[in-house]
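Here the structure comes first, spelled out in C-alpha cells, and everything after it is commentary.
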Amino acid sequence: MPRVGVLLSGRGSNMQALVEQAAGYEVVLVASDRPEAGGLASAREAGLATFALSPKGIGKAAFEAALDDALREADVAVIALAGYMRLLSPAFVARWVGRILNIHPSLLPAYQGLDTHARALAAREREAGCSVHLVTDELDAGEVLGQTRVPIEPGDTAETLAARVLVAEHQLYPRVLKDFVHR
Ligand code: GRF
C-alpha cells in the first residue's frame, strides 16, 4: 500500500478527507510547520503519527532537513500538501520531484496564489472550483491531475464560495490521490 505523508499549516479538513476516504493508499504521517495547527490536533486524535516543527529560529533549510528525515523515516512515497502555507525550497522539491501533490481552490491555471475566491468574485466569474496538481518550483503551476467545477451563486461572498468549493475539495483530493498512486 503506497504510504502518504500529509503536510498542513491549518485546520486540516482536507487531511481528514484524505484519511477518512483513504483507499489504495495509507496516510502514515501528518506533518506541520505550525505546532499549533488544528490539523495536527485532529491527526493526533485520530491516532496518526505526527511531526511538528516551526522553522522560526532554526531557518528553512534546517526545518526542511528535519521534515525530509521524518518523511523518509515514515517510509513515505508521496507527499500530499493540504493547506500547507509555506513555499517548499527548490532543493526539497527536487528530492521529491513528481511525488508531491497539492490542492488549490481554483480552476488552475486561473487564480494561482492567495485570495482566489475574492479575486474570482471581483472578476464576476460564473464558475469556480478546485484543482489537484503536481508541485514544482513554480507556485501552483505543475501538471493538473484533476479538477472539479463549482458554480458561483448570486450573492456569494468569498466565505460562502470557499465553503462550497471546500466540499468539492474533500471529494476530489482522495479520488485523485488514489488514481495517482496507482498510475
Ligand atoms: C483549502 O482551501 C485548500 O484548497 C487550500 O488551503 C485550504 C486548506 O483547508 N490549499 P484545510 O486546512 O484542508 O481545511
Side-chain angles (χ1 to χ4, degrees), residues 1-32 39 42-43 46 48 71 74 76-88 90 92-121 123 125-153 156 158-183:
M1 185 87 81
R3 296 167 69 82
V4 173
V6 177
L7 202 37
L8 57 76
S9 304
R11 69 197 156 180
S13 71
N14 276 285
M15 176 278 294
Q16 278 181 293
L18 290 174
V19 169
E20 281 160 17
Q21 297 171 57
Y25 65 85
E26 192 185 353
V27 175
V28 295
L29 183 69
V30 175
S32 185
S42 317
L48 294 163
L71 291 163
V76 161
V78 173
I79 300 174
L81 304 186
Y84 183 65
M85 298 307 289
R86 240 170 246 277
L87 273 182
L88 293 167
F92 184 94
V93 173
R95 281 200 294 277
W96 291 89
V97 71
R99 301 195 291 147
I100 313 178
L101 275 58
N102 182 40
I103 186 151
H104 184 75
S106 79
L107 295 171
L108 290 174
Y111 303 108
Q112 298 165 343
L114 296 175
D115 299 323
T116 51
H117 302 303
R119 287 187 287 138
L121 289 172
E125 299 279 0
R126 304 178 66 165
E127 206 175 38
C130 49
S131 309
V132 176
H133 65 96
L134 278 174
V135 172
T136 62
D137 287 351
E138 249 179 289
L139 181 67
D140 301 329
E143 180 192 347
V144 172
L145 302 172
Q147 285 185 322
T148 304
R149 313 183 88 81
V150 175
I152 294 180
E153 310 281 3
D156 259 342
E159 289 71 30
T160 60
L161 179 56
R164 192 175 313 117
V165 171
L166 195 62
V167 174
E169 292 180 35
H170 297 162
Q171 293 164 355
L172 179 71
Y173 209 175
R175 181 163 61 73
V176 173
L177 180 56
K178 177 186 173 213
D179 290 349
F180 178 78
V181 295
H182 290 108
R183 79 175 186 175

Using a 4.5 Å cut-off on heavy atoms from C-beta on, say whether the side chain of [Y] contacts that of [X].
{"X": "Pro151", "Y": "Arg126", "result": "no"}
{"X": "Leu107", "Y": "Glu127", "result": "yes"}
{"X": "Leu134", "Y": "Ile100", "result": "no"}
{"X": "Trp96", "Y": "Leu88", "result": "no"}
{"X": "Asn14", "Y": "His170", "result": "yes"}
{"X": "Leu101", "Y": "Ile79", "result": "no"}
{"X": "Leu7", "Y": "Val30", "result": "no"}
{"X": "Leu114", "Y": "Met85", "result": "yes"}

*asked:* How long is the straight-line distance from CE of Met15 back to CD of Glu20, given to the nearest 0.5 Å?
replied: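 Interatomic distance, Glu20 CD to Met15 CE, rounded to 0.5 Å: 9.0 Å.
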*Could you give the distance from CD1 (Ile103) to CD (Gln147), rounded to the nearest 0.5 Å?*
10.5 Å
Considering non-hydrogen atoms only, spot the tightest contact between [X] and [Y] and give its length.
{"X": "His182", "Y": "Gly24", "value": "CE1-O, 2.9 Å"}
{"X": "Lys178", "Y": "Ala23", "value": "CG-O, 3.1 Å"}
{"X": "Ala17", "Y": "Pro174", "value": "O-CG, 3.7 Å"}
{"X": "Val28", "Y": "Ala74", "value": "CG2-O, 3.8 Å"}
{"X": "Ala80", "Y": "Val4", "value": "CB-CG1, 4.1 Å"}
{"X": "Ser32", "Y": "Ser9", "value": "OG-CA, 3.9 Å"}

Check whether [X] reaches the backbone of [Y] with its side chain - one donor and one acceptor, N or O, closer than 3.5 Å.
{"X": "Arg119", "Y": "Gln112", "value": "yes"}
{"X": "Arg3", "Y": "Val78", "value": "no"}
{"X": "Ser131", "Y": "His133", "value": "no"}

*asked:* So if I apply the side-chain contact (heavy atoms from CB on, under 4.5 Å) rule between Val27 and each of Val19, Leu177, Val76, which one comes out positive?
replied: Val19
*Could you list the residues that satisfy side-chain contact (heavy atoms from CB on, under 4.5 Å) with Ser106, not counting sequence neighbours?*
His104, Leu108, Tyr111, Thr116
_With sequence neighbours excluded, residues passing side-chain contact (heavy atoms from CB on, under 4.5 Å) with Leu87_ = Lys60, Leu139
*Flag the pair Glu143 and Arg183 as a salt bridge only when some basic side-chain nitrogen lies within less than 4.0 angstrom of an acidic carboxylate oxygen.*
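Salt bridge: yes.
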*Is there any salt bridge (Lys or Arg N to Asp or Glu O under 4.0 Å) pair reaching into residues 93-111, and which pairs are they, with sequence neighbours excluded?*
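As it turns out, the salt bridge (Lys or Arg N to Asp or Glu O under 4.0 Å) pairs with a partner in residues 93-111, which skip direct neighbours, are Asp68-Arg95.
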_Can you tell me if Glu153 has over 12 outside heavy atoms packed within less than 6.0 Å of its CD?_
yes
*Does the side chain to side chain contact (heavy atoms under 4.5 Å, CB included) test come out yes or no for Leu121 and Asp156, once each step is laid out?*
CA-CA 8 Å; Leu121 289 172; Asp156 259 342; 4.1 Å; yes
*List the steps and the verdict of side chain to side chain contact (heavy atoms under 4.5 Å, CB included) for Val132 and Asn102.*
CA-CA 6 Å; Val132 176; Asn102 182 40; over 6 Å; no
